[in-house]
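Since the structure comes first, as structure tokens, the remarks are kept for the end.
All ligand and atom numbering here is 1-based and tracks the order in the structure.
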Amino acid sequence: MLHHTTQTFQSHFSTIPLIAFAPGRINLIGEHTDYQEGFVFPAAVENGIWVAIQKNELKVCRLYSLDFDQEFKFDLEAFSPKKGHWATYVMGMVTLLNQAGYSISGFDMVIGGNIPVGAGLSSSAALSVAIGTALSGLLDLKISKKSLALYAQKSEHLFAGVKCGIMDPYASAFGIKDKALLLDCRTTTHEEVPVILEGYSLLLVNTKVKHTLADTAYNDRREACEESVSILQTSYPEIKTLRDLGPGELENVEKILPKTLFPKAKHIITECNRVHEAALALKSGNLELFGTLLKSSHHSLSNDYNVSCPELDLLAEKSWEVAGVLGSRMMGGGFGGCTINLVKNAALDTFQLHLTEAYMKAFGKIPEFIPINISSGAHLI
Ligand code: GLA
């Protein structure tokens with residue numbers, strides 16, 4: 001894909017480009033906790049987005065997307081990013097960099113990538129981070145990884161309409177080979193934790209669905225958490241987000257919150273705790289405990305936070321039936337995308353067969369199996 005992106009750039013624009021790469025991400029555990037300043041445990045994957053870029057001495061930016069096989073042009077002095085178009089991610093990052101005081105001059109760009117579409121591997125965060133890395137490199141802006149992640153998140157808020165957390169662009173920017181990032185979303189700092197899985201593998205199973213309510217439901221969940229916080233602040237004036245409450249407070253929190261809000265708050269509070277437990281389990285090589293935590297996370301996301309769907313539930317439940325599977329849960333925002341599974345290498349074939357049969361029977365489709373290699377974050381090539 002690197003080669004293809006470079007060649008396409010040369011044949012389109014007849015100059016030699018600079019190339020930036022930014023990967024997609026998985027998340028081991030810690031779902032929907034980032035926008036409550038909680039803890040998450042993501043890692044970068046091998047697949048990602050390549051952006052080829054070069055200055056063009058014009059006031060116009062000329063773009064080409066390999067995925068869409070489409071060209072797009074915009075005038076640097078008059079452009080408006082519109083929701084739902086791939087070029088919006090470019091215009092979004094340019095807008096934010098301009099606002100931050102960086103001066104962006106005309107450029108040509110080709111975008112290529114190999115992140116499976118709709119799998120929930122955060123291709124849009126990877127795209128924004130790749131664009132930011134390319135512009136920073138081209139114009140020697142020396143923008144830090146953390147700022148790039150924050151611009152990418154803001155671009156998603158402003159131009160894609162999803163009030164996402166920091167996890168996806170952060171993982172794409174900071175990823176390290178064979179390590180997961182135990183990320184504190186309040187301080188936006190992380191600890192690297194080696195992912196050593198002796199005899200086991202991480203495997204994603206793609207439902208190949210994305211239910212249409214996903215984006216609205218995402219923003220609704222965020223609002224529900226904020227509402228819980230403002231109600232709870234009368235009894236806990238010191239809290240800023242749900243991250244500030246531990247599982248020991250659950251009984252009291254249940255008395256204070258309305259029945260509709262409590263399960264959602266409970267998810268965030270227990271999930272933050274699971275992230276810490278999972279990090280300890282991984283550090284001490286206790287993969288069984290790690291797997292059990294994945295399973296509890298799924299239950300919590302499906303029953304309390306209500307962001308799963310029949311396809312994800314079936315894949316998780318069928319996984320638990322297979323000997324050699326230590327854990328399985330839905331990954332990412334929910335309502336489609338993938339499950340993440342910790343499977344004994346010797347059981348990989350049985351696992352795939354069992355899930356394929358069950359998924360085919362229930363939904364008339366074959367799920368996609370995506371092996372995971374934890375790789376490095378965004379960089380220039
Ligand atoms: C999406 C968002 C992230 C995070 C996850 C759920 O991927 O972009 O910020 O909230 O959902 O953990």
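- The aromatic ring centroids of W320 and H354 lie 6.0 Å or more from each other.
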Side-chain donor-acceptor distances from residues 257-265 under 3.5 Å, at least two apart:
none

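- With salt bridges taken as basic N to acidic carboxylate O contacts below 4.0 Å, none links K361 and E357.
- Remark: the E31 side chain and the N27 side chain contain an N/O donor-acceptor pair separated by less than 3.5 Å.
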Which pairs of nitrogen or oxygen atoms, taken one from ligand 1 and one from the protein, are under 3.5 angstrom apart?
| unit_1 | atom_1 | unit_2 | atom_2 | d |
| --- | --- | --- | --- | --- |
| ligand 1 | 7 (O) | R25 | NH2 | 3.0 |
| ligand 1 | 7 (O) | D168 | OD2 | 2.9 |
| ligand 1 | 8 (O) | D168 | OD2 | 2.6 |
| ligand 1 | 9 (O) | D34 | OD2 | 2.5 |
| ligand 1 | 9 (O) | G165 | N | 2.8 |
| ligand 1 | 9 (O) | Y218 | OH | 3.3 |
| ligand 1 | 10 (O) | D34 | OD1 | 2.8 |
| ligand 1 | 10 (O) | D34 | OD2 | 3.4 |
| ligand 1 | 10 (O) | Y218 | OH | 2.5 |
| ligand 1 | 11 (O) | G333 | N | 3.4 |
| ligand 1 | 12 (O) | E31 | OE1 | 2.7 |
| ligand 1 | 12 (O) | H32 | N | 2.6 |

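- Two rings, from Y35 and Y218, have their centers less than 6.0 Å apart.
- A salt bridge is absent between E368 and K208; no separation between the charged side-chain nitrogens and carboxylate oxygens falls under 4.0 Å.
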